[in-house]
Amino acid sequence: MSQEKIDRRKEEKANRKKNMAKQRRMNVLRKAVLAAAGLVLVGWLGYSAYDTYVADKNREVTVVDYNAINEYLNGLSN
């Protein structure tokens with residue numbers, strides 16, 4: 001049992017640099033994903049707030065006069 005423990009310890013020590021580098025990469029990746037998710041969340045909240053602000057404003061209504069088009073189309077059919 002003791003020899004197995006020693007062998008495991010030697011293997012861990014031999015691969016320590018590789019394992020530390022892997023952990024660093026995973027930490028950087030995790031932080032990048034969380035930062036991207038945070039930016040998306042902040043952007044979505046900002047867009048929603050702006051959309052709510054714009055929706056509360058009165059909008060100008062424009063009336064279009066289609067009489068000229070209707071007369072033209074009626075003239076074509078005659």
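Along the sequence shown, residues are numbered consecutively beginning with 1.
- The hydrophobic cluster containing V64 also contains L73, counting ILVMFWY residues as joined when their side-chain heavy atoms lie under 4.5 angstrom apart, directly or transitively.
- Note on V33: it does not cluster hydrophobically with L39, by side-chain heavy-atom contacts below 4.5 Å among ILVMFWY residues.
- Taking CH2 of W44 as the start and OH of Y47 as the end, the distance is 12.0 Å to the nearest 0.5 Å.
- Linking ILVMFWY side-chain heavy atoms closer than 4.5 Å, directly or via other members, places V42 and L34 in two distinct hydrophobic clusters.
- Checked by atom type, the side-chain pair Q3/D7 shows a donor-acceptor distance below 3.5 Å.
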Could you tabulate the donor-acceptor pairs under 3.5 Å formed by side-chain atoms of residues 20-29, not counting sequence neighbours?
from, atom 1, to, atom 2, distance (Å)
N27, OD1, R30, NH1, 2.7
N27, ND2, Q23, O, 3.4

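- In this structure, CG in N70 is found 6.5 Å from CG in N74, a value given to the nearest 0.5 Å.
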